[in-house]
Visitor: 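The structure that follows is given in the form of structure tokens.
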Amino acid sequence: MEFSKITAPTLKDLFVQQLVDKILSGELPVGTKIPPERELAEMMKVSRAVVNGGINELNQKGFLEVLPRQGAYVADYSRNGNLQTLIALLEYRGNKLEKGGIRAILEVRSALERLAVGLVIDVASDDELNHLKTIAKELENTDSIQQAAQAAFRYHHELAYLAGNTVLTLIYSSFKDICIVLWVRFCKLYGIDALYDNIITLQGHLEKRDKDGTYQWIQYYLGEAIEGTQQIYEEG
């Protein structure tokens, strides 16, 4: 049995949540001008500092566009958003993404993993590959879905790091929260053993320095998640 840490939201968190709710529900359509900070503070009974901090956060998350001397407007987040927008959408929907969103993430992950394993096979030492295997074994020794998802992320993040491409490593880090959510869902549907089998099979191809084998395995197991027998889309 697992329990999550309980934390109380700040006033800024509540401000951001209320505006995100209004934006995503369509109550505040794209292009709508947000009332001035002073007016918002009065309506919501919070300080201007709370409003200012919330607007800046919403700007960073791609939901608002702040124009100098003009004010803040609801941004076209689906066209011009960023990774923070995607994470916010995931949280708003209770860690649920529509099929198209999950498919897009898995397709990107497939391309990134192919790049990573190709570089790792070329440059990683045997000791580094053994370290990867140690991380993979963490999945075999846990019955906690959350811990298994964290271990899966550590494995793939280390894989990206060993590839020697800094940008690739940073991209993996940026996708951490989303990947954890999807691995948790995978484990709930198919079990930790299935996740472990996917990773340890990939590890076996890496240790053999078999590029074709790794490419084919990535295509297979992510293909199963995209349109095969291990799909992780939300029902309904």
Side-chain angles (χ1 to χ4, degrees), residues 83 86-87 90 97 99-233:
L83 191 59
L86 181 57
I87 293 171
L90 200 62
L97 276 178
K99 183 174 181 177
I102 293 177
R103 183 186 183 100
I105 291 169
L106 293 175
E107 288 172 344
V108 170
R109 192 181 136 198
S110 178
L112 293 176
E113 284 191 22
R114 285 173 60 88
L115 173 60
V117 298
L119 293 171
V120 166
I121 286 173
D122 287 339
V123 303
S125 67
D126 289 343
D127 286 344
E128 288 171 330
L129 291 181
N130 286 334
H131 176 60
L132 266 180
K133 188 171 186 177
T134 299
I135 299 174
K137 287 290 184 179
E138 293 178 18
L139 278 86
E140 189 179 35
N141 300 318
T142 182
D143 57 3
S144 164
I145 287 176
Q146 191 65 37
Q147 290 177 10
Q150 293 285 346
F153 174 78
R154 285 194 296 275
Y155 178 89
H156 285 282
H157 183 263
E158 185 69 10
L159 184 70
Y161 176 76
L162 293 179
N165 185 311
T166 302
V167 174
L168 184 60
T169 308
L170 293 174
I171 290 173
Y172 265 90
S173 296
S174 299
F175 273 89
K176 179 178 180 178
D177 290 343
I178 297 169
C179 289
I180 293 294
V181 166
L182 297 183
W183 274 316
V184 165
R185 176 156 177 78
F186 180 90
C187 289
K188 286 180 177 178
L189 289 170
Y190 307 108
I192 294 172
D193 288 345
L195 179 58
Y196 174 70
D197 287 344
N198 286 344
I199 289 179
I200 205 64
T201 302
L202 177 64
Q203 177 68 22
H205 289 299
L206 286 174
E207 291 175 1
K208 294 175 185 175
R209 300 189 185 271
D210 176 9
K211 284 189 180 181
D212 288 340
T214 57
Y215 294 158
Q216 290 170 12
W217 179 245
I218 290 168
Q219 182 177 355
Y220 171 75
Y221 80 81
L222 288 178
E224 288 295 286
I226 293 171
E227 55 188 12
T229 61
Q230 293 184 332
Q231 296 181 23
I232 54 176
Y233 308 120

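This structure is a prediction, so every number in the text was calculated from the model and none was measured.
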Visitor: Identify the heavy atoms of L195 and C187 that sit nearest to each other, and give their distance.
Guide: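 Scanning both residues completely, I find the closest heavy atoms to be CD2-SG, 3.6 Å.
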Visitor: Show every side chain to side chain donor-acceptor pair (under 3.5 Å) that has at least one partner inside residues 210-220, sequence neighbours left out.
Guide: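 Found D122-K211.
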Visitor: State, with a plain yes or no, whether a side-chain heavy atom of I226 is found less than 4.5 Å away from one of E107.
Guide: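 I226 reaches E107 side chain to side chain.
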Visitor: If a pair satisfies ring pair (Phe, Tyr, Trp, His ring centres under 6.0 Å) and one of its residues is in residues 109-148, list it, with sequence neighbours excluded.
Guide: none
Visitor: With rounding to the nearest 0.5 Å, note down the distance linking CG in L159 to OG1 in T169.
Guide: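 Reported to 0.5 Å precision, the distance equals 9.5 Å.
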Visitor: Roughly how far, to the nearest 0.5 Å, is the CD atom of Q146 from the CD1 atom of I180?
Guide: 6.5 Å
Visitor: Suppose we screen for ring-ring contact (aromatic ring centres under 6.0 Å, His included). Which residues come up paired with Y190, at least two apart in sequence or across chains?
Guide: F186
Visitor: How long is the gap from NZ on K137 to OG1 on T134, to the nearest 0.5 Å?
Guide: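 Answer rounded to 0.5 Å: 9.5 Å.
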Visitor: If every non-hydrogen atom of L139 is compared with every non-hydrogen atom of A152, which pair is closest and at what distance?
Guide: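 In this case the closest contact between L139 and A152 is CD1-N, 3.9 Å.
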Visitor: Looking only at non-hydrogen atoms, find the nearest pair between I192 and T142 and report the distance.
Guide: CD1-O, 3.7 Å
Visitor: Is there a side-chain contact between I102 and Q231 (heavy atoms, below 4.5 Å)?
Guide: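 No - every pair of side-chain heavy atoms lies 4.5 Å or more apart.
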Visitor: Can you tell me how far apart CZ (R185) and CD1 (I232) are? Round to the nearest 0.5 Å.
Guide: 7.5 Å
Visitor: Checking L170 now: which residues fulfil side chain to side chain contact (heavy atoms under 4.5 Å, CB included) with it, not counting sequence neighbours?
Guide: T166
Visitor: Is any side-chain heavy atom of V123 less than 4.5 Å from a side-chain heavy atom of L162?
Guide: no
Visitor: Any side-chain donor paired with an acceptor under 3.5 Å for Y196 and E138?
Guide: no
Visitor: Just to verify, what does T229 make a side chain to side chain donor-acceptor pair (under 3.5 Å) with, not counting sequence neighbours?
Guide: E224
Visitor: Donor-acceptor pairs under 3.5 angstrom involving side-chain atoms of residues 199-207: please list them, not counting sequence neighbours.
Guide:
from	atom 1	to	atom 2	distance (Å)
T201	OG1	D197	O	2.7
Q203	OE1	Y155	OH	2.7
Q203	NE2	L129	O	2.9
Q203	NE2	E207	OE2	2.9

Visitor: Looking only at non-hydrogen atoms, find the nearest pair between A163 and L168 and report the distance.
Guide: CB-CD2, 4.1 Å
Visitor: Is a side-chain donor or acceptor of E128 paired with a backbone partner of S125 at a separation under 3.5 angstrom?
Guide: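 Yes; at least one donor-acceptor contact below 3.5 Å.
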Visitor: Any non-hydrogen side-chain atom of L112 less than 4.5 Å from a side-chain atom of V108?
Guide: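 SC-SC contact between L112 and V108 confirmed.
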Visitor: Using 0.5 Å steps for rounding, measure from the CG atom of L132 to the OH atom of Y161.
Guide: 12.0 Å
Visitor: Sort and list the pairs that fulfil ring pair (Phe, Tyr, Trp, His ring centres under 6.0 Å) and have at least one residue in residues 164-183, not counting sequence neighbours.
Guide: H156-W183
Visitor: Excluding sequence neighbours, so at least two apart, what forms side chain to side chain contact (heavy atoms under 4.5 Å, CB included) with A225?
Guide: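 A225 satisfies side chain to side chain contact (heavy atoms under 4.5 Å, CB included) with L106 once adjacent residues are dropped.
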Visitor: Under the rule for side chain to side chain donor-acceptor pair (under 3.5 Å), what residues qualify as partners of H157, not counting sequence neighbours?
Guide: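 Counting only residues at least two positions away or on another chain, H157 forms a side chain to side chain donor-acceptor pair (under 3.5 Å) with S173.
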Visitor: Please list, chain by chain and in numerical order, all residues satisfying salt bridge (charged side-chain N to carboxylate O under 4.0 Å, His left out) with E158, sequence neighbours excluded.
Guide: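 E158 satisfies salt bridge (charged side-chain N to carboxylate O under 4.0 Å, His left out) with no residue once adjacent residues are dropped.
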Visitor: Applying salt bridge (charged side-chain N to carboxylate O under 4.0 Å, His left out), name anything that partners K188, two or more places apart in sequence or on another chain.
Guide: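 Counting only residues at least two positions away or on another chain, K188 forms no salt bridge (charged side-chain N to carboxylate O under 4.0 Å, His left out).
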Visitor: Just jot down the side chain to side chain donor-acceptor pair (under 3.5 Å) partners of R209, sequence neighbours excluded, or say none.
Guide: D126
